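In this text, all values refer to a predicted model and were calculated from it rather than measured experimentally. Only this structure's heavy atoms are used, side chains among them; waters, hydrogens and symmetry mates stay out.
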Amino acid sequence: MLSEPRSGRLAAWGNALLAGLVSPDDAVLTIVGEDAVHRVEGLPGESGPVGLTLALGRLRALGVKGLRVALPAPGHPLGLSGPPDFNARALDAEEAVVCHGVALGLVPEVYEAGPEGDVHVEVVWHCLAVREAPPADVPSLGEAERELAEALREATEVLSRLDVAGSGPVAEAAVDAYRARAERGREVLAPGYPPRAVRVLELAQRVGLLISVAYENGHGGAVSASEISARALALRPVERTARRAQVAAYNAFVEERERGVR
C-alpha cells in the first residue's frame, strides 16, 4: 500500500501529458521511475511491443481523453468494468489502467532481468479491450476523504488496544521512511490534479503506513487467537477504504473533465 502503484504513475502522468501540461520525456521518465524500461504490447496498429512514448502518442491519436486506475483485490473489482478476461488479468496484477474515450485497458506484467547482482525490472503493459461502463465501487473525492478519516480513527483505536499500531524499531523506521519520502517531493500527483486529490492520496498513503506497520510488527501484543483475529478484522476494511481512496484520487483528473471542470 505504501509504494506508489505503477498504474497510478501511468495514469497521473499520462493524464498530464494528454492535457499538454508536461512533455513526453518528463512524463515517461516519471512513469518508468526506477524500472529499466516499460513497453506496451497489443496496441492497435502495432505488430509488436512499442515504447511508452510512442504508445501514449498512439493512444491520444486513437481518441483516448484520459486514464483511470483500477486496484482490484479478490472479491473487490475496484475500478473495473469488464469484460471478465480483462478483470481476471487485472486481478492477477492487482492493478490496471482503463482508458477514457476508447474501450481499451492496460495491465502491467513485471519481469526481472539480468545476472545476479545486476537485476533490473522491465514492465510490459498488455493493451486489451474493456467494456465501456462506469468503474466499480469508486467513491467521489469527498466520500473517500470522509471514509479515510473515519477508518483511520477506528483502526488506530483497535490496533493501539492490541499494541500493534506504532511501537518498536520497525514502526519507527517505517515512519522515518514515510517522512523522508514526503520531504523529498510534495508532488504526489502530476500537474493538473486538484488539491483535494493530493490530500486524499496523501491520507491514503498514511493509512497504508499504519497497515504496513501493523503487519510488519508481527503480532505485537495480540497474543491470543481472538486478538489476532480482531486485528485482521480491523485492518481488512481499512485497507479496502485506502485502496478506494487511492483510486478516487488518481481518477479525479478524468472525473473533473467529465463534469466540465477543466
Side-chain angles (χ1 to χ4, degrees), residues 1 4-22 27 30-31 38 40 42-44 52 55-56 58-73 76-108 123 125-145 147 188-194 196-198 200-201 204-205 240-262:
M1 177 62 69
E4 186 179 21
R6 290 181 173 88
S7 57
R9 291 203 306 269
L10 176 57
W13 288 85
N15 283 329
L17 175 62
L18 291 170
L21 299 174
V22 297
T30 307
I31 292 167
H38 284 214
V40 179
L43 198 64
L52 205 50
L56 289 170
R58 177 60 55 81
L59 288 173
R60 174 158 47 189
L62 289 169
V64 173
K65 297 179 175 62
L67 302 170
R68 288 188 172 104
V69 169
L71 297 177
H76 189 205
L78 175 62
L80 297 175
S81 58
D85 56 341
F86 180 83
N87 286 8
R89 293 193 72 151
L91 183 57
D92 285 342
E94 299 182 340
E95 59 178 316
V97 171
V98 179
C99 298
H100 173 59
V102 177
L104 294 173
L106 302 161
V107 179
V123 179
W125 293 89
H126 296 279
C127 186
L128 304 163
V130 299
R131 181 180 299 140
E132 292 185 285
D137 198 36
V138 179
S140 68
L141 278 175
E143 291 170 337
E145 198 167 28
E147 290 173 1
V188 295
L189 284 171
Y193 272 82
R196 191 172 201 175
V198 176
V200 168
L201 185 57
Q205 290 172 339
R240 183 186 182 104
T241 298
R243 281 191 299 108
R244 293 180 77 236
Q246 276 191 306
V247 171
Y250 284 121
N251 293 3
F253 197 100
V254 174
E255 305 310 327
E256 284 202 345
R257 280 203 153 189
E258 284 192 320
R259 296 198 310 270
V261 176
R262 61 177 70 250

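- I31 is listed as a side-chain neighbour of L56, based on a closest heavy-atom distance under 4.5 Å.
- Closest non-hydrogen pair, A252 versus L141, comes out as CB-CD1, 3.7 Å.
- For the pair L67/V254, no side-chain contact is recorded, criterion being any heavy-atom separation below 4.5 Å from C-beta on.
- Within the 4.5 Å cutoff, side-chain heavy atoms of W13 are placed close to those of P191.
- For the atom pair CG (L78) and CG (L91), the distance works out to 11.5 Å, reported to the nearest 0.5 Å.
- In terms of heavy-atom proximity, A245 sits nearest to V200 at O-CG1, 3.6 Å.
- Between P5 and V69 there is no side-chain heavy-atom pair separated by less than 4.5 Å.
- Between L62 and C99 the shortest side-chain heavy-atom distance does not fall below 4.5 Å.
- Counting only heavy atoms from C-beta outward, the side chains of L128 and D85 never approach each other to under 4.5 Å.
- L71 contributes atom CG, which lies 5.5 Å from atom CD of Q246 (distance to the nearest 0.5 angstrom).
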- Message: Assess the residue pair V40 and L59 against the criterion (side-chain contact (heavy atoms from CB on, under 4.5 Å)); give the C-alpha distance rounded to whole Å, side-chain angles, the decisive distance to 0.1 Å, and a yes or no.
- Response: CA-CA 11 Å; V40 179; L59 288 173; over 6 Å; no
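- Checked against side-chain hydrogen bond (donor to acceptor under 3.5 Å, both in side chains), R58 has the following partners two or more places apart in sequence or in another chain: E46.
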- Message: Let's go through W125 and R6 carefully: what are the C-alpha distance in whole Å and the side-chain angles of both, what is the deciding distance for side-chain contact (heavy atoms from CB on, under 4.5 Å) to 0.1 Å, and is it a yes or a no?
- Response: CA-CA 10 Å; W125 293 89; R6 290 181 173 88; 4.0 Å; yes
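- Closest of all the heavy-atom pairs between S81 and N87 is N-OD1, 4.2 Å.
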- Between L10 and E95, does a side-chain contact (heavy atoms from CB on, under 4.5 Å) hold up when you go through it step by step? CA-CA 11 Å; L10 176 57; E95 59 178 316; over 6 Å; no
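- A heavy-atom distance below 4.5 Å is not found between the side chains of E94 and S7.
- Atom NZ of K65 sits about 10.5 Å away from atom CG of L18, to the nearest 0.5 Å.
- A donor-acceptor pair shorter than 3.5 Å cannot be found between the side chains of Y250 and N15.
- Across all their heavy atoms, A249 and L201 have their closest contact at CB-CB, 3.8 Å.
- A distance of 8.0 Å separates CD in E255 from NE2 in H100, rounded to the nearest 0.5 Å.
- What you find for V107 and A96 is that their closest heavy atoms are CG2-CB, 4.1 Å.
- Here the closest non-hydrogen pair linking A27 and V22 is CB-CG2, 3.9 Å.
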